[in-house]
Protein chains: 2
Amino acid sequence: MDTKRLRYFKTIADEGQITRAARKLQMAQPPLSQQLKLLEEELNVQLFDRGKRSLQLTAAGAALYEKAKIILGTIEDTVHEIKAMDSGEMGTLSIGVNKSCFYYLLEPMRHIRANTPNVKIQLREGDTYTLMQAMAERDIEVAFVRFPLNIEDFTVQYDAITLPAERYVLAVPTTHARSIEGVEVQMQHLSGIPLLLLHRTSGRGQYERVIGAFHRAGVQPNIACECPDAAMLLSLASAGIGAAIVPESTLQAFPTEGLQVFPIANMNVKAEAAIVWQRERYLSGPTRRMLERMRGIYGG
Amino acid sequence: MDTKRLRYFKTIADEGQITRAARKLQMAQPPLSQQLKLLEEELNVQLFDRGKRSLQLTAAGAALYEKAKIILGTIEDTVHEIKAMDSGEMGTLSIGVNKSCFYYLLEPMRHIRANTPNVKIQLREGDTYTLMQAMAERDIEVAFVRFPLNIEDFTVQYDAITLPAERYVLAVPTTHARSIEGVEVQMQHLSGIPLLLLHRTSGRGQYERVIGAFHRAGVQPNIACECPDAAMLLSLASAGIGAAIVPESTLQAFPTEGLQVFPIANMNVKAEAAIVWQRERYLSGPTRRMLERMRGIYGG
DNA sequence: GTCTTTGGATATGAAAAACATATGAAAGGC
DNA sequence: GCCTTTCATATGTTTTTCATATCCAAAGAC
């Protein structure tokens with residue numbers, strides 16, 4: 001049973017006449033008569049009593065009419081839903097995010113909530129490596145991660161929006177802040193302070209780059225703790241365990257009570273981050289919508 | 001959105017491949033590719049990620065897939081239901097019946113209940129005239145009524161199955177039965193007995209025919225009560241109000257406690273009944289099924 | 001590496017379906 | 001009685017759908 005025939009049938013039943021239904025359907029009357037006949041033959045059922053002049057639904061016709069309303073309504077709703085999903089007005093946005101990049105996600109999330117309330121956001125947290133794998137397994141569509149990516153699977157091509165490079169800062173427990181003079185801290189000064197860094201396997205390239213900066217400056221870092229989670233890092237710092245080195249934006253996404261922040265004066269690496277996705281993959285409407293917007297903000 | 005395209009899409013999603021889906025659909029691969037593309041263009045949505053070799057549902061595609069299962073399932077169920085209705089396996093049987101004909105309905109109703117439990121029976125009671133009108137208004141499809149019909153609307157043609165003509169009998173209250181000698185009662189004897197007859201406007205022609213028989217026999221009937229309802233008539237009789245003249249079969253459909261029945265020896269009219277329906281009307285499956293069966297029993 | 005296999009897209013022509021125009025029959029309004 | 005309305009049928013045209021042939025890319029065999 002075809003949708004078209006069903007729609008024809010319903011219109012005829014609604015109008016009570018083939019001629020009027022044909023007008024409504026913007027077609028001539030004979031083909032409509034023909035299509036009705038074909039539907040009846042297909043179902044092997046008479047749907048209308050051909051009275052003298054007006055048509056009258058038979059029992060079977062009345063039953064089909066009720067069903068037709070449901071079926072056609074469902075189809076229409078479905079088309080709307082699919083189109084809405086694709087336009088980004090509804091659907092699900094599955095994002096992977098690294099806690100150290102969390103700040104960059106705050107604004108787009110607020111925007112999505114405010115403008116497209118029917119869009120659900122699925123968040124997944126993890127380090128760069130985990131998120132890239134999750135993306136390969138299609139658990140997430142895009143990821144907010146730190147560079148470099150250290151991708152292993154080169155069969156897949158990636159697209160990215162680069163987020164602004166930012167300096168690393170030192171988050172020092174307020175109780176220990178007196179030992180630092182001025183508004184900046186010199187790298188040389190850091191050797192005396194127990195440091196909290198992102199875990200080697202979490203940040204991947206990031207860790208090596210920070211350590212590299214220390215070496216280039218001829219400073220031996222005093223690493224108190226490597227931690228896989230940026231929020232945890234700050235929590236440890238405010239607890240007085242040590243001073244955390246984190247990208248500046250990270251401090252804007254998490255509570256900084258008990259912390260005092262100092263730019264690191266002569267540190268010559270910057271933290272880089274990006275929004276990354278698989279190039280060949282067809283992204284959901286909400287995702288595409290968000291990416292377009294982010295591209296507008298940060299440039300392609 | 002067309003049913004055919006939706007079915008194609010679902011098969012592709014099920015099989016995960018266009019080629020395999022085409023085999024299952026008994027068609028060549030190129031047109032299937034084409035139809036999928038047309039569906040995507042129609043919805044303005046990409047439904048599959050065209051990976052290197054395998055297809056992968058997009059978010060929109062996955063949503064459509066879920067809906068497609070529902071829609072196609074509903075359509076299939078509907079087709080089955082309509083066909084079942086028409087074959088008489090389910091649906092509704094709306095019958096009008098005159099109480100005096102009720103006996104003839106008992107067996108077909110038992111048969112329908114036993115063999116097609118999904119068929120619902122809508123009963124409507126009334127005199128011949130009322131039922132014929134109800135039929136014209138499509139409240140009922142067929143009627144079990146007494147002849148003659150006295151139809152006023154001659155623009156509609158009727159078909160009928162004639163039920164066996166039967167004699168009238170006299171139902172006498174047991175308390176008064178002594179006055180009758182033998183197993184039969186003579187018409188001449190009836191003038192002394194208060195009679196209960198079907199109402200003039202209910203039985204229509206019937207009433208006149210019974211009265212006519214009295215006149216031909218030269219007997220003046222002593223009519224105690226005209227009543228529109230056969231069951232009521234018998235109830236009155238068993239209450240001792242008088243002796244009821246009813247078609248023989250009526251006594252088999254209603255309780256006869258307190259009644260003794262006598263054939264009326266020389267009454268030369270018979271009660272006639274029929275199952276009647278509008279010729280041009282397309283009857284529901286259950287109705288047609290019943291009529292076929294009745295025709296087999298009583299002849300066409 | 002080359003060769004084979006497998007799966008998808010495109011091009012083109014043929015078959016089938018859907019449609020419009022013209023026309024006829026039956027029923028209701030005047 | 002005549003005109004209008006409405007459904008049905010007949011016939012030809014347009015559109016849609018399909019199959020065949022071919023190409024391309026990727027994956028597996030060797």
Side-chain angles (χ1 to χ4, degrees), chain A residues 1-43 45-58 61 136 153-157 278-282, chain B residues 1-43 45-58 61 136 138 152-157 278-282:
Chain A
M1 192 168 53
D2 202 13
T3 307
K4 198 198 300 181
R5 297 229 174 103
L6 205 57
R7 202 180 311 277
Y8 286 175
F9 163 73
K10 179 175 174 295
T11 309
I12 295 173
D14 282 334
E15 300 295 323
Q17 274 194 66
I18 295 182
T19 306
R20 192 130 38 97
R23 259 198 297 278
K24 197 171 183 184
L25 290 165
Q26 311 241 53
M27 66 190 293
Q29 166 264 317
L32 190 56
S33 290
Q34 187 192 10
Q35 289 301 315
L36 175 61
K37 200 174 149 194
L38 286 172
L39 178 61
E40 290 183 324
E41 279 167 13
E42 182 187 335
L43 294 172
V45 172
Q46 196 169 330
L47 297 169
F48 289 98
D49 272 333
R50 263 71 163 181
K52 324 101 202 276
R53 219 153 133 87
S54 64
L55 279 76
Q56 195 96 26
L57 281 170
T58 61
D153 181 6
F154 286 103
T155 60
V156 181
Q157 297 219 327
Q278 297 190 342
R279 181 172 294 172
E280 97 277 8
R281 184 162 170 198
Y282 184 82
Chain B
M1 191 169 52
D2 201 17
T3 308
K4 198 199 298 181
R5 297 232 173 101
L6 204 59
R7 202 181 310 279
Y8 286 176
F9 163 74
K10 180 175 174 291
T11 309
I12 294 173
D14 282 333
E15 300 295 323
Q17 275 194 77
I18 296 184
T19 306
R20 191 129 39 97
R23 258 199 296 278
K24 199 171 182 184
L25 290 165
Q26 311 241 53
M27 67 190 293
Q29 167 263 318
L32 190 55
S33 290
Q34 187 192 12
Q35 290 301 316
L36 176 60
K37 199 175 151 194
L38 286 171
L39 179 62
E40 289 182 325
E41 279 168 13
E42 181 188 337
L43 294 173
V45 172
Q46 196 170 328
L47 297 170
F48 289 99
D49 272 331
R50 264 71 162 183
K52 322 109 204 272
R53 221 153 135 85
S54 64
L55 279 76
Q56 195 95 26
L57 282 171
T58 62
R138 299 183 164 253
E152 282 160 2
D153 180 8
F154 287 103
T155 62
V156 181
Q157 297 219 325
Q278 296 189 343
R279 181 172 295 172
E280 97 278 8
R281 183 161 170 200
Y282 184 82

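Lettering follows sequence order; numbering is per chain, from 1. Computed from heavy atoms alone, side chains included, the values below leave out hydrogens, waters and symmetry copies.
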From the candidates C/dA22, D/dT17, D/dA19, the one with an atom nearest any side-chain atom of A/Pro30 is C/dA22

* Asked: Would a distance-only check, ignoring hydrogens and angles, find a side-chain to backbone donor-acceptor pair under 3.5 Å from A/Thr3 to B/Thr3?
  -> yes

Ignoring hydrogens and angles, tell me if any N or O in the side chain of A/Gln35 forms a donor-acceptor pair with the backbone of A/Arg5 under 3.5 Å. no

The reported gap from CD in B/Glu41 to CD in B/Gln34 (rounded to nearest 0.5 angstrom) is 9.5 Å

Taking every heavy atom of B/Leu32 against every heavy atom of B/Met27, the minimum-distance pair comes out as N-CE, 4.0 Å

Taking the side chain as every heavy atom from C-beta outward, state whether B/Phe48 and B/Thr58 have any atom pair closer than 4.5 Å. no

A/Leu32 CG to D/dT9 P, in whole Å, measures 14 Å

field: Flag side-chain contact, heavy atom, 4.5 Å: A/Leu36 against A/Tyr8
entry: no

Here the distance between atom C1' of C/dA9 and atom CZ of B/Phe48, to the nearest Å, is 15 Å

Report yes or no: does A/Asp49 contribute a side-chain atom to a donor-acceptor pair with the main-chain N or O of B/Arg281 at less than 3.5 Å? no

Distance col, row A/Phe9:CZ vs A/Leu38:CG, nearest 0.5 angstrom, shows 14.5 Å

When rounded to whole Å, the CD to C1' distance for the pair A/Glu15 and D/dT6 reads 14 Å

Quick note, B/Gln29 side chain, CB onward, closest among D/dC18, C/dC19, C/dA9 is C/dA9

From CD of B/Gln34 across to P of C/dA9 the rounded distance in Å is 12 Å

Checking D/dA19, C/dC19, C/dA9 against the side chain of B/Ala28 (C-beta onward), the nearest is D/dA19

- Message: Does a side-chain N or O of A/Ser33 approach OP1 or OP2 of D/dC7 to a distance below 4.0 Å, or not?
- Response: no

Note to self: So does B/Ile18 get a backbone contact from the side chain of B/Gln29, meaning a donor-acceptor N/O pair under 3.5 Å?
What the structure shows: no

Of the candidates C/dA20, C/dG8, D/dC18, the side chain of A/Met27 sits closest to C/dA20

So CG of B/Leu25 and NZ of B/Lys10: to nearest 0.5 Å the spacing works out to 10.0 Å

Rounded to whole Å, CG of A/Leu38 lies from C1' of C/dA18 at a distance of 9 Å

Within residues 3-10 of chain A, those residues having any heavy atom closer than 4.0 Å to DNA chain D are none

From CD of B/Glu42 across to P of D/dT16 the rounded distance in Å is 12 Å

B/Gln56 CD to C/dG7 C1', in whole Å, measures 15 Å

Rounded to whole Å, CG of A/Leu36 lies from P of D/dT6 at a distance of 16 Å

With a 4.0 Å cut-off on heavy atoms, is B/Gln35 in touch with a base, just the backbone sugar-phosphate, or nothing at all? sugar-phosphate

Angle separating the five-pair end axes of the helix from C/dG1-D/dC30 to C/dC30-D/dG1, nearest 10°, is 20°

Per atom distances to the A/Leu55 side chain, the nearest of D/dT17, D/dC7, C/dA20 is D/dC7

Quick one: is C/dG8 close enough that its OP1 or OP2 comes under 4.0 Å of any side-chain N or O from B/Thr19? yes

